[in-house]
Amino acid sequence: MLSLALLPLLQTGTARAEWMERVEDGIMGTRIVVELWATDRAQGSAAIEAVLAEMRRVDQAMSTYKPTSELSIVNARAAQEPIKISQELFDLLSTSLEYSRITDGAFDVTYASVGYMYDFRKHVRPDEKQIAAALPGINYRHVELDRKNGTVHFARPGVRIDLGGIGKGHAVDRGIAVLQARGIDHALVTAGGDSRIIGDRFGKPWVVGIRHPDRKDEVIARIPLEDAALSTSGDYERYFDENGVRYHHIINPKTGHSASKVRSATIIGPTATRTDGLSKTAFVLGPEKAIEIYNRLEDVDAVLVTPEGKVLYTEGLAPPE
Ligand code: ADP
Ligand code: MG
């Protein structure tokens with residue numbers, strides 16, 4: 001989770017324009033924050049409501065917790081036959097497969113073929129036998145998209161998909177699109193660990209802090225941002241510890257176990273869909289390989305915290321003094 005460092009408020013002198021903020025818990029199982037600069041209060045309130053409504057809509061379609069969601073219907077039926085899906089879900093799945101290819105399969109929405117057996121709140125995890133039996137279901141290549149017909153089909157039984165690793169980023173981008181359509185050009189939208197910013201904040205960049213993996217209130221790096229997205233994944237978000245092992249919500253698609261090669265990964269890039277989709281990679285591939293991949297992508301940068309507490313940066317970020 002990121003924390004925003006507060007900047008001093010400057011008076012702009014505009015009569016009724018104001019800075020507005022709303023914090024809402026519950027949508028997509030996380031905390032939503034919307035901040036924006038509105039020329040008047042009514043316009044600002046309506047814009048915030050519209051963002052929240054859009055996020056609820058995305059949640060309804062893409063949650064695996066709701067048996068009636070479009071995604072749940074796909075999981076129930078796509079191994080039997082191609083299922084016609086919305087353009088939005090089709091595009092997000094196709095983006096997901098692209099990230100699987102970019103990350104050498106570290107990002108893989110079929111992680112859920114094993115992942116569904118974990119319940120981190122209840123300290124439930126699959127045993128080795130259950131993992132071995134379900135593991136063949138994990139492989140992004142099992143997800144067959146047919147653009148002409150607008151369908152998705154799973155190549156074998158036992159495949160499940162979950163968009164928990166990209167859905168919040170997508171929802172944030174949708175929220176920003178809603179604001180832009182209303183003419184708002186200074187705003188922040190956050191869903192859990194995924195944020196996107198348009199414009200600046202009173203003439204200065206936004207400053208986003210990256211927290212220490214173990215000490216919630218300690219900031220290990222501050223990053224100034226304008227017109228950018230940022231996602232942080234951490235092994236401290238959803239987890240339980242058992243006999244000295246941390247079981248947490250980022251799964252290595254090759255093994256079905258929690259991926260622990262870094263403690264946290266923060267990605268900065270143009271859209272929250274992209275930064276969300278790429279923030280799981282370092283957990284699975286390890287810092288060296290992940291930095292190599294991030295450096296190859298022109299439009300992203302990353303800050304990683306290793307298990308030893310070392311902070312690593314991609315080439316585009318000069319280490320802070
Ligand atoms: P948040 O849910 O707070 O946005 P992350 O962005 O770190 O947290 O995403 C973690 C989620 O990603 C997990 O809860 C799970 O739904 C999903 N996930 C876990 N492992 C993978 C993986 N290897 N590839 C794609 N998605 C994954
Ligand atoms: Mg995320």
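Just so you know, these numbers use all the heavy atoms, side chains as well, and skip hydrogens, waters and symmetry mates. Counting convention: from 1, in listed order, for ligands and their atoms alike.
Heavy-atom contacts of Pro253 reach the following atoms of ligand 1: 23 (N) (cutoff under 4.0 Å). Near Ala106, meaning under 4.0 Å from any of its heavy atoms, are these atoms of ligand 1: 22 (C), 23 (N), 24 (N).
Checked against the 6.0 Å centroid criterion, the rings of Tyr239 and Phe120 do not qualify as a close aromatic pair.
Contacts of Ala259 with ligand 1, taken as heavy-atom pairs under 4.0 Å, are absent altogether.
The distance criterion of under 3.5 Å between nitrogen or oxygen atoms is not met by Gly234 with respect to ligand 1. Not one N or O of Asn252 is nearer than 3.5 Å to an N or O of ligand 1, by distance alone. The shortest N/O to N/O separation between Ile251 and ligand 1 falls below 3.5 Å. Between Asp108 and ligand 1, a contact under 3.5 Å exists for at least one N or O pair.
Between the side chains of Ser94 and Glu98, no donor-acceptor pair is found at a separation under 3.5 Å. There is a side-chain donor-acceptor pair under 3.5 Å between Thr64 and Asp162.
Note on Glu226 versus Lys204: no salt bridge recorded, every NZ/NE/NH1/NH2 to OD/OE distance being 4.0 Å or above.
Which of Ala265, Gly164, Ser233 comes nearest to atom 5 (P) of ligand 1 through a heavy atom is settled by distance: it is Ser233. Residue nearest to atom 25 (C) of ligand 1, selected from Phe107, Phe120, Phe283: Phe107 (by heavy-atom distance). Counting only non-hydrogen atoms, the option in Arg238, His249, Arg31 that gets closest to atom 19 (C) of ligand 1 is His249.
Nearest to the Mg ion (ligand 2), among the N, O or S atoms that Asp276 has, is OD1. The Mg ion (ligand 2) lies closest to atom OD2 when only the N/O/S atoms of Asp194 are considered.
Distances from ligand 1 to the non-hydrogen atoms of Ser231 include no value under 4.0 Å.
In this structure, the protein non-hydrogen atom closest to atom 1 (P) of ligand 1 is Lys168 NZ, 3.3 Å.
In this structure, the side chains of Leu163 and Ser96 come closer than 4.5 Å at one or more pairs of heavy atoms.
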